[in-house]
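Scroll down for the structure; my scribbles are underneath it.
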Amino acid sequence: MKVLYFAWLRTKIGVAAETVDLPPEVKDVGGLVEWLKTRSPKHAEALANSKVVKVAVNQEHVPYDHPLSPGDEVALFPPVTGG
Amino acid sequence: MKVLYFAWLRTKIGVAAETVDLPPEVKDVGGLVEWLKTRSPKHAEALANSKVVKVAVNQEHVPYDHPLSPGDEVALFPPVTGG
Amino acid sequence: MTVKVQREDFDVGAELAAMTRGKTSIGGVTLFVGLVRDMAGGESVSAMTLEHYPGMTEKQLEAIEAEARARWPLDDALIIHRYGRLEPGDQIVLVATASAHREAAFESCHFLIDWLKTKAPFWKLEATPEGERWVEAKDSDDAAAARWANQDGDQKG
Amino acid sequence: MTVKVQREDFDVGAELAAMTRGKTSIGGVTLFVGLVRDMAGGESVSAMTLEHYPGMTEKQLEAIEAEARARWPLDDALIIHRYGRLEPGDQIVLVATASAHREAAFESCHFLIDWLKTKAPFWKLEATPEGERWVEAKDSDDAAAARWANQDGDQKG
């Protein structure tokens with residue numbers, strides 16, 4: 001599964017994208033965020049406050065209970081600030 | 001006193017402006033409108049429905065109880081339709 | 001802060017550029033451009049003539065603009081209104097407001113066009129297949145203007 | 001109905017002309033232009049870099065625009081949003097909506113910029129004397145967008 005990071009999530013974690021092999025117990029977005037925190041101290045710090053970690057699956061905004069499928073493109077980012 | 005007419009008040013009455021000598025009993029805008037109706041059948045017809053006859057004195061919108069002074073510039077017109 | 005009453009057309013891009021040039025405190029500009037429609041009240045309109053009351057028009061537009069500036073924190077405001085003969089597709093009016101905050105820009109622009117429609121002394125004469133007719137004022141315009149009567153400027157974000 | 005996400009600047013006058021050219025059913029166009037301010041949160045800003053999520057950005061803007069067209073009777077709608085490095089006074093975003101009715105043009109334009117601010121995946125990085133900092137989302141933007149959540153388009157005059 002491909003995971004993309006934007007804005008300060010990208011700069012804190014230090015990569016713009018990574019490909020991960022999800023363990024079978026990770027079934028939804030909330031589970032993915034928890035599991036990503038275990039990958040490194042930088043991940044843990046960047047993802048510590050889930051209130052400011054928004055998620056899109058296949059380029060659509062989704063809530064944390066959104067289910068994941070193996071081919072999904074998942075993006076994690078702070079609340080948007082365009083316009 | 002100078003009285004100006006605009007839009008269909010002008011075309012119905014047939015003049016854009018006229019100078020009138022007000023009788024002393026005409027003291028306010030409402031009195032002026034009533035008195036103007038007596039000047040000709042065209043005036044009477046154009047001014048028949050006071051709901052659609054708006055008045056400005058010295059280029060400010062005023063209600064019918066607004067008092068008149070000899071040097072005033074008075075304009076009568078239908079509700080505005082610009083913009 | 002500018003009011004122009006003119007027969008000539010106007011260039012919205014040039015007016016916007018003049019409004020924002022060299023200024024770095026403006027967060028947003030809201031503009032409204034009114035155009036002549038080819039249909040009105042179910043009838044086709046081939047042309048329109050805008051009559052106005054010279055002197056009072058400028059005075060009223062300036063008063064309306066001053067009211068907007070008193071209600072909202074504006075960097076700039078502009079009203080251009082044409083008179084004379086216009087055809088479908090022609091520009092009639094431009095209202096533009098600039099503010100640090102987008103809500104102030106939106107609300108003040110909306111306020112200006114709503115008030116202009118009930119206070120500025122313009123009258124439209126439409127040419128239709130049935131002949132010429134004076135446009136009647138719409139109750140919806142009075143209602144739109146009335147919304148602003150007892151409302152202070154909203155200065156949020 | 002157009003969405004453009006681009007690094008280059010845009011010409012508001014040319015976009016407006018393209019939107020209205022040859023069309024005689026449009027009564028009004030409302031436009032909003034967002035600009036880079038030199039101050040934000042009490043600090044001076046010397047430059048800003050807009051990051052976005054290519055692909056998702058276009059998709060979200062198109063969805064927001066489709067929502068506006070479903071809610072209001074629009075002749076046309078346009079969103080242009082820039083990304084990359086911008087300086088104070090630079091144009092960031094243009095939203096323009098055209099309708100036979102001015103209320104529809106105003107409300108849909110306001111809706112588009114409010115929704116864009118909470119749904120389009122852009123992030124601003126500001127350069128200040130203290131260094132670079134990511135702009136934080138404002139509660140007032142969420143509140144502005146929430147206004148439109150349970151509201152149908154108002155189609156009056």
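Scope of the values below: all heavy atoms of this structure, side chains included, with no hydrogens, waters or symmetry mates.
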> Near D:Asp139 CG, under 6.0 Å, is it more than 12 heavy atoms from other residues, nucleotides or ligands?
Replying inline: no

> Taking the side chain from D:Lys119 and the backbone from A:Val80, do they hold a donor-acceptor pair closer than 3.5 Å?
Replying inline: no

> Do you know the tightest heavy-atom contact between A:Gln59 and D:Gln60?
Replying inline: O-NE2, 3.3 Å

>> Using 30° and 60° as the class boundaries, would you call the ring planes of D:Trp123 and A:Phe6 parallel, tilted or perpendicular?
In response: parallel

>> For a quick test of reading the model, state the closest non-hydrogen atom pair linking D:Tyr53 to A:Ala56 and the distance between them.
In response: CE1-CB, 4.5 Å

> Quick one: of D:Tyr83, D:Phe122, D:Phe32, who has the most non-hydrogen atom pairs under 4.5 Å with chain A?
Replying inline: D:Phe122

> For D:Lys59, is it the side chain, the backbone, both, or neither that has a heavy atom closer than 4.5 Å to a heavy atom of chain A?
Replying inline: side chain

>> Would you compute the distance between atom CD of A:Glu73 and atom CE of D:Met56 and round it to the nearest 0.5 angstrom?
In response: 10.0 Å

>> For the CD atom of D:Glu136 and the CH2 atom of A:Trp8, what is their distance to the nearest 0.5 Å?
In response: 9.0 Å

> Tell me, side chain or backbone of D:Leu125 under 4.5 Å from chain A's heavy atoms, or both, or neither?
Replying inline: neither

>> For the OG1 atom of A:Thr81 and the CE atom of D:Met48, what is their distance to the nearest 0.5 Å?
In response: 8.0 Å

> What distance separates A:Lys54 NZ from D:Thr118 OG1, expressed to the nearest 0.5 Å?
Replying inline: 10.5 Å

>> Taking NZ in A:Lys42 as the centre, count heavy atoms belonging to other residues, nucleotides or ligands within less than 6.0 Å. Is the count above 12?
In response: no

> Closest approach of D:Leu50 and A:Gly82, non-hydrogen atoms and distance?
Replying inline: CD2-CA, 4.4 Å

